[in-house]
There are 2 protein chains.
Amino acid sequence: MPSAPQECGDCPIRHKAVCARCDGDELALLEEIKYYRSFEAGQTVVWSGDRMDFVASVVTGIATLTQTMEDGRRQMVGLLLPSDFVGRPGREFAAYDVTATTDLVMCCFRKKPFEEMMGRTPHIGQRLLEMTLDELDAAREWMLLLGRKTAREKIASLIAIIARRDVSLGLRSKSQRLSLDIPLTREAMADYLGLTLETVSRQMSALRKDGVIVLEGKRHVVIPDFDRLIEEAGDDSDGGFLV
Amino acid sequence: MPSAPQECGDCPIRHKAVCARCDGDELALLEEIKYYRSFEAGQTVVWSGDRMDFVASVVTGIATLTQTMEDGRRQMVGLLLPSDFVGRPGREFAAYDVTATTDLVMCCFRKKPFEEMMGRTPHIGQRLLEMTLDELDAAREWMLLLGRKTAREKIASLIAIIARRDVSLGLRSKSQRLSLDIPLTREAMADYLGLTLETVSRQMSALRKDGVIVLEGKRHVVIPDFDRLIEEAGDDSDGGFLV
DNA sequence: CGATGTGTTGAACGTGGTCAAATGCGGTGG
DNA sequence: CCACCGCATTTGACCACGTTCAACACATCG
């Protein structure tokens with residue numbers, strides 16, 4: 001089981017999560033209604049349609065939101081990183097499957113008290129609005145990927161997204177030789193990209209053969225030339241860096 | 001030019017738009033900073049990357065948000081109906097092309113005063129959060145469509161979406177013989193669905209041949225059996241009716 | 001060891017894309 | 001009234017990309 005922090009003061013997502021704008025007093029109130037839950041890689045947090053009596057922030061690890069059709073076709077519709085928010089105030093049942101793809105720690109708030117607090121504390125709603133607008137932008141970028149990009153472009157885009165995230169989390173600077181772990185199985189990548197896992201595997205091999213990426217093991221990728229990768233992704237250069 | 005209403009009291013979107021929760025005083029303040037703009041079908045409202053010094057609500061008509069890649073591939077990422085909100089508080093440049101697909105009237109607010117008012121009037125931010133969360137849900141539904149549905153399912157889904165909207169706007173009851181106009185060209189449908197316009201046309205013909213829909217002219221569709229349509233769309237039955 | 005999970009690769013197939021031509025419809029002008 | 005044009009749409013023929021089905025490689029774990 002991954003371990004959890006205790007105090008909001010120490011919290012690694014303090015300044016990015018839904019609580020980011022809260023002052024000391026507000027934080028103290030939140031601290032009273034919060035509790036941590038941990039999940040191991042592969043565990044399901046909630047199933048679509050289940051009653052969900054909490055909302056939460058991802059503290060560490062990665063979770064996914066997926067939708068499933070009756071015949072089993074699956075599409076990932078959200079990739080939740082540390083500080084991202086799970087659940088919707090005012091909604092009683094989960095709309096998506098939430099799954100831990102790595103070991104995961106979530107900071108949970110019982111829904112009722114959280115909603116009451118939202119009414120009294122504009123800072124929370126303001127921050128949640130900001131985060132939701134960001135997610136909507138990300139979803140729209142994703143729609144372009146799903147609707148119009150080739151398999152090769154989709155793979156390159158995914159790697160670029162992960163690389164940018166690592167940079168923005170301060171894990172490494174842009175100038176260094178870029179190297180990163182893909183925290184997803186080939187199947188999860190396929191669910192993300194609207195492909196089959198075979199196509200994912202083939203295109204990874206193709207990008208490797210063409211020197212766009214270097215594979216070190218199955219999950220570790222080195223990017224010798226980031227601009228080349230962006231080009232392969234079909235994105236406007238620098239898209240995603242300016243806001 | 002389509003004509004515009006004058007008073008918030010008469011406004012057809014009064015109780016659904018971003019101003020829905022505002023009381024009389026707040027509405028009076030909004031009334032001072034609002035102005036109407038009209039566009040003819042086909043006109044562009046703003047181009048992606050342009051400076052955008054206003055935010056707005058769609059009053060009547062339909063607009064689209066689209067993203068374009070350098071080589072011209074286009075993906076629609078938003079379909080804006082009456083009461084939907086355009087623009088993002090705090091953002092200076094438009095992130096998407098906004099186009100009027102029918103004659104369009106928008107209720108605009110200059111961005112600066114609107115942002116200031118948001119700070120002082122929680123009702124606006126609250127409502128905007130609600131609307132943004134709804135849009136995010138819609139975007140995720142759309143992602144499933146783009147990533148995993150067949151061309152035939154995509155077409156059936158689009159028709160079902162339009163039909164549901166017409167019902168929810170009270171234009172017709174569910175029990176009646178369903179009949180609706182598609183307010184999009186075949187090309188716009190293709191941009192919406194991540195298809196080519198030829199495939200859209202072919203699948204429309206196929207659904208007609210199989211009796212799922214009846215075409216009366218190019219843009220008017222009769223749905224003899226709504227459940228059959230839903231089945232063709234690959235959706236859970238009743239998906240979208242319960243919230 | 002075999003069993004299981006994860007990933008790679010190959011061959012055949014089919015859906016949807018591409019390119020091209022034809023059709024239909026509304027508007028404009030002779 | 002009809003000829004003509006422009007545009008949206010339909011239809012056809014062919015092709016390619018990504019899927020499907022299958023075999024195989026490799027690591028971890030009982």
Side-chain angles (χ1 to χ4, degrees), chain A residues 40-43 64 69 71-75 99 101-102 145-159 181-210 213-221 232 234, chain B residues 40-43 64 69 71-75 99 101-102 145-159 181-210 213-221 232 234:
Chain A
E40 289 172 46
Q43 273 191 297
T64 62
M69 296 170 69
D71 62 6
R73 280 175 282 175
R74 280 157 44 94
Q75 176 63 53
T99 311
T101 62
T102 65
L145 178 149
L146 290 172
R148 293 303 186 193
K149 289 191 178 180
T150 65
R152 184 182 176 99
E153 288 169 335
K154 286 178 175 181
I155 299 288
S157 298
L158 175 56
I159 296 172
D181 279 312
I182 299 177
L184 302 171
T185 64
R186 295 286 185 266
E187 188 181 15
M189 293 172 68
D191 286 345
Y192 188 121
L193 301 172
L195 297 170
T196 60
L197 65 89
E198 292 95 330
T199 299
V200 171
S201 184
R202 270 186 258 274
Q203 296 298 336
M204 290 286 287
S205 300
L207 288 175
R208 174 177 48 72
K209 204 173 308 175
D210 297 344
I213 58 175
V214 178
L215 286 175
E216 296 179 347
K218 311 294 187 189
R219 300 284 191 91
H220 197 84
V221 173
E232 291 283 357
Chain B
E40 287 172 47
Q43 271 191 297
T64 62
M69 296 170 68
D71 61 7
R73 281 176 281 176
R74 282 156 41 93
Q75 176 63 52
T99 311
T101 62
T102 65
L145 178 149
L146 290 172
R148 294 304 188 192
K149 289 191 177 180
T150 64
R152 184 182 175 99
E153 288 170 336
K154 286 178 175 180
I155 299 288
S157 298
L158 174 57
I159 296 172
D181 279 312
I182 298 177
L184 303 171
T185 64
R186 295 287 185 264
E187 187 179 17
M189 293 173 68
D191 286 344
Y192 188 121
L193 300 172
L195 298 171
T196 60
L197 64 88
E198 292 94 330
T199 298
V200 170
S201 184
R202 269 187 258 275
Q203 295 298 335
M204 291 286 286
S205 300
L207 288 175
R208 176 177 47 72
K209 205 172 308 175
D210 296 345
I213 59 175
V214 179
L215 287 174
E216 295 179 346
K218 311 294 185 187
R219 300 286 191 90
H220 197 84
V221 173
E232 292 283 357

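Chain letters run A, B, ... following the sequence lines, proteins first and then strands; every chain starts at 1. Only this structure's heavy atoms are used, side chains among them; waters, hydrogens and symmetry mates stay out.
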Task: Atom-pair distance (CD on Q203(A); P on dG10(C)), nearest Å - done: 14 Å
- [ ] In whole angstrom, give the distance that lies between atom CG of D191(B) and atom P of dT9(D).
- [x] 12 Å
Open item on the list: Looking at dT9(D), I'd like to know if its phosphate oxygens (OP1 or OP2) sit under 4.0 Å from a side-chain N or O belonging to R219(B).
Closed with: yes
Open item on the list: Looking at dT10(D), I'd like to know if its phosphate oxygens (OP1 or OP2) sit under 4.0 Å from a side-chain N or O belonging to R186(B).
Closed with: yes
TODO: Looking only at side-chain atoms of A151(A), point me to the closest of dT20(D), dG16(C), dG18(D).
DONE: dG18(D)
Open item on the list: Suppose we call a contact any N or O donor and acceptor under 3.5 Å apart; does that hold for the side chain of R73(A) and the base of dT19(D)?
Closed with: no
Open item on the list: Does a side-chain N or O of S201(A) approach OP1 or OP2 of dG7(C) to a distance below 4.0 Å, or not?
Closed with: no
Task: Minimum side-chain heavy-atom gap L195(B)-R202(B) below 4.5 Å - done: no
TODO: Determine: side-chain N/O of R202(B) to OP1/OP2 of dT15(C), distance under 4.0 Å, yes or no.
DONE: no
Open item on the list: Please check if the number of heavy atoms outside E187(A) that lie under 6.0 Å from its CD is greater than 12.
Closed with: no
TODO: Using whole Å, report how far CZ of R148(B) lies from C1' of dT20(D).
DONE: 14 Å
- [ ] Would you kindly give the CG-to-P distance between L197(A) and dT9(C), to the nearest whole Å?
- [x] 13 Å
Open item on the list: I need the CE-P distance between M189(A) and dT6(C), as an integer number of Å.
Closed with: 15 Å
TODO: Evaluate the side-chain proximity of R73(A) to T150(B): yes if any heavy-atom separation is below 4.5 Å, no if none is.
DONE: yes
Task: Spacing between E198(A) atom CD and dT8(C) atom P, to the nearest angstrom - done: 11 Å
TODO: Would you confirm whether Q43(A), through its side chain, and T99(A), through its main-chain N or O, come within 3.5 Å as a donor-acceptor pair?
DONE: no
Open item on the list: So, does T185(B) get its side chain near the phosphate of dA8(D), meaning an N or O under 4.0 Å from OP1 or OP2?
Closed with: no
TODO: Would you please confirm or rule out a distance under 4.0 Å between OP1 or OP2 of dT8(C) and any side-chain N or O of S205(A)?
DONE: no
Task: Pairwise 5' ranking along DNA chain D for K218(A) and G194(A), keeping only the more 5' one - done: G194(A)
Task: Length of the line joining R208(B):CZ and dT9(D):C1', which is rounded to integer Å - done: 12 Å
Open item on the list: Counting the atoms with a prime plus P, OP1 and OP2 as sugar-phosphate, which does L195(B) contact under 4.0 Å by heavy atoms, base, sugar-phosphate, or nothing?
Closed with: sugar-phosphate
TODO: Answer whether the closest heavy-atom distance between the side chains of M69(A) and K149(B) falls below 4.5 Å.
DONE: yes
Open item on the list: From NZ of K154(A) over to P of dT19(D), roughly how many Å is that when rounded to an integer?
Closed with: 7 Å
